[in-house]
Amino acid sequence: MSKFFKCLVTAMTIMFFATLQAYAANRIDSIIKRSKINDSSTIAVSVRNAKTGGEIYAYNQNKLMNPASALKVFTMKPVYDLLGSDYKFKTSLYKDKKNNLYIKLAGDPSFSTQKLTELLKNNKGEVNDIVIDPYATDYVEWGIGWMWDDDVSPYFPKYSPFTINNNMIKVDILPAENGGLPVIKNNSGYSIILVNMLKSGDENNFTISRQPWQSSDTTLFVGTVNQPASVMLPVDNTERYFVTCLKNAIQKSGLKYTGNIKTGQVLRTLTPVASVESDELQDLIAVTLKESNNLYAEMLLKAGGAKYTNSQGTTANGLELFKEQYSSIKSNSPVIVDACGISRNNLFTASWMSEALHKIYKDKNFDEYEKLLPKPIEGTLSDRLINISRFVRAKTGTMSGASSLVGYVTAKSGTKYCYAILIQNFDLPVAEIKALEDNIVNAIYEY
């Protein structure tokens, strides 16, 4: 083949792909600008070639917007890199010379009564005091800019070093019998005031709320009940709940103690007895991303922060790790205050997010990390983008008036793209917002 002919073929190939990209970009533009969502809401989009990092489509890409739970993609990556995919949280049991038993908590977001019982079974004989060491992380259990009325939602449980069973209890609601009132049952053993204002009706239509300005441990149930129902209710006091679970575990394990349950610090002079471990970090992050678990995100970032600063795990230390991870990004710096993205104080641009996705793509462990992201048919993408499920990995974000979708798609051409879509200030049904996001991703797939 002559040199001239080779140059001609190369030029024609470049022109073809340039034309194809222009067509796809025009299609995205048309999808956005013809949408009624664009009339009253803010839409921001940034699409980059994952390999080169070149931004091939942008719309309001430099506007600061709320990322919602899409933020988890970016906060979990530095934790994954620093701690390692096979990292495990270790909760340990110790004894001192006075026959006191110590439980050293690790800030494990997946810790459970079952694990605690398993741990206590390793002790032989009667003990005096049982001392809990909770100092792996700080006591801050609610994020900056979180909404107070979200604290009864199972998606927003409090988090703390005392985290166990996702810091939630199961509450059963039973319809009335023989003309009586509906019944609320709490069989967890955890003491909390449940105010029953339910009535019999034609359907289950009730609300659950707390009024912290009156009483933080009072939960109101208001509305009608027709069928049995169960709800997962976040606890109001994580330390008190942990002690309740500890007492249950003590009974199940057969452990005998003659003293008190209290908090204290494990010293190096203590004798190790046993330990229990969590699943590997890669599995915990998969839960965080695929189920959009807010508690896991906050606790994992604190664990990363502890390792990074060689000190106690705090959100502030975790955010130092985050900032170091993405210090090379040139787009406008974001405002970030939590790990899970539900704070109204978080502000990101679509351009920064797509550039961060490109950076993640260039990391040597990208293939491992990408697998932790949801694909269509699983997690929060279970009913979305099914038509191109083999070519998409993405993280959703949803909160009142804000929605997001970030991730990767391999186009028909074989080129991989990273994209960030942020939509904010809408009062339309969320399904319509998600449909617009999916249409944009389908248009990218056509590149």
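Just so it is clear, the model here is predicted, and its values are computed rather than measured.
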Determine whether [X] and [Y] make a side-chain contact, defined as any pair of heavy atoms from C-beta on separated by less than 4.5 Å.
X: W142; Y: D151; answer: yes
X: P109; Y: L300; answer: yes
X: Y361; Y: D363; answer: no
X: I31; Y: L436; answer: yes
X: I377; Y: D383; answer: no
X: I421; Y: V441; answer: yes
X: Y87; Y: Q282; answer: no
X: C418; Y: M353; answer: no

Can you tell me if [X] has over 12 outside heavy atoms packed within less than 6.0 Å of its [atom1]?
X: Y155; atom1: OH; value: no
X: K416; atom1: NZ; value: yes
X: K252; atom1: NZ; value: no
X: D202; atom1: CG; value: no
X: K290; atom1: NZ; value: yes
X: N310; atom1: CG; value: no
X: E378; atom1: CD; value: yes

Table please: side-chain donor-acceptor pairs of residues 333-345 below 3.5 Å, with sequence neighbours left out.
unit_1	atom_1	unit_2	atom_2	d
D338	OD1	G341	N	3.0
D338	OD1	N346	ND2	2.8
D338	OD2	W146	NE1	3.0
D338	OD2	I342	N	3.4
D338	OD2	S343	N	3.0
S343	OG	I144	O	2.5
S343	OG	N345	N	3.0
R344	NH1	S400	O	2.9
R344	NH2	S400	O	3.0

inquiry  = Counting the benzene-type ring for Trp, do F162 and Y139 have ring centres under 6.0 Å apart?
reply    =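 Yes, ring centres under 6.0 Å apart.
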Is there a donor-acceptor contact under 3.5 Å linking the side chains of [X] and [Y]?
X: E239; Y: S160; result: no
X: D29; Y: Y57; result: yes
X: K434; Y: S403; result: yes
X: N165; Y: K170; result: no
X: K72; Y: S69; result: yes
X: Y417; Y: R48; result: no
X: D150; Y: S153; result: no
X: E320; Y: T309; result: no

ask   = Can you tell me if N167 uses its side chain to pair, donor with acceptor, with the backbone of T238 under 3.5 Å?
value =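 No, N167 side chain to T238 backbone: no donor-acceptor pair under 3.5 Å.
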ask   = Is there a donor-acceptor pair under 3.5 Å between the side chain of T117 and the backbone N or O of T113?
value =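 The answer is yes, because a donor-acceptor pair under 3.5 Å joins these two groups.
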request  = Apply side-chain hydrogen bond (donor to acceptor under 3.5 Å, both in side chains) to T396 and T380, showing your working.
outcome  = CA-CA 7 Å; T396 62; T380 56; 3.0 Å; yes
For the student: nearest non-hydrogen atoms of [X] and [Y], plus distance:
X: L289; Y: V73; answer: CD2-N, 3.9 Å
X: V266; Y: K104; answer: CG2-CB, 3.9 Å
X: I433; Y: L428; answer: CD1-CB, 4.4 Å
X: L405; Y: A394; answer: CD1-CB, 3.8 Å
X: Q312; Y: N317; answer: O-ND2, 2.8 Å
X: M168; Y: Y241; answer: O-OH, 3.1 Å

request  = Just say parallel, tilted or perpendicular for the rings of F242 and F111, cut-offs at 30° and 60°.
outcome  =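 The arrangement is parallel - the two ring planes meet at less than 30°.
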query = When F74 is tested against each of W352, F322, Y369 for ring pair (Phe, Tyr, Trp, His ring centres under 6.0 Å), which residue passes?
reply =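 Answer after filtering W352, F322, Y369: W352.
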request  = Just grab all the ring-ring contact (aromatic ring centres under 6.0 Å, His included) pairs involving residues 219-239, residues at least two apart or on different chains.
outcome  =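 Every candidate ring-ring contact (aromatic ring centres under 6.0 Å, His included) pair involving residues 219-239 fails, so no pair, neighbours aside, qualifies.
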inquiry  = Using salt bridge (Lys or Arg N to Asp or Glu O under 4.0 Å), reason through E355 and K330 one step at a time and then give a plain yes or no.
reply    = CA-CA 8 Å; E355 190 175 348; K330 298 177 181 178; over 6 Å; no
For [X], enumerate each residue passing the side chain to side chain contact (heavy atoms under 4.5 Å, CB included) test, keeping only those at least two apart in sequence or located in another chain.
X: N38; answer: I32, K33, I43, Y59
X: N425; answer: T42
X: A44; answer: N60, M65, A350, L422

request  = Just do the side-chain contact (heavy atoms from CB on, under 4.5 Å) check on F348 and N332 with the steps written out, would you?
outcome  = CA-CA 8 Å; F348 282 70; N332 294 342; over 6 Å; no
inquiry  = I'd like to check the salt bridge (Lys or Arg N to Asp or Glu O under 4.0 Å) partners of K115; sequence neighbours left out, ordered by chain and number.
reply    =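 Partners of K115 under the salt bridge (Lys or Arg N to Asp or Glu O under 4.0 Å) test: none.
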query = Can a salt bridge be assigned to the pair D138 and K302 using a cut-off of 4.0 Å between side-chain N and carboxylate O?
reply =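 Judged by the 4.0 Å cut-off on N to carboxylate O distance, D138 and K302 do form a salt bridge.
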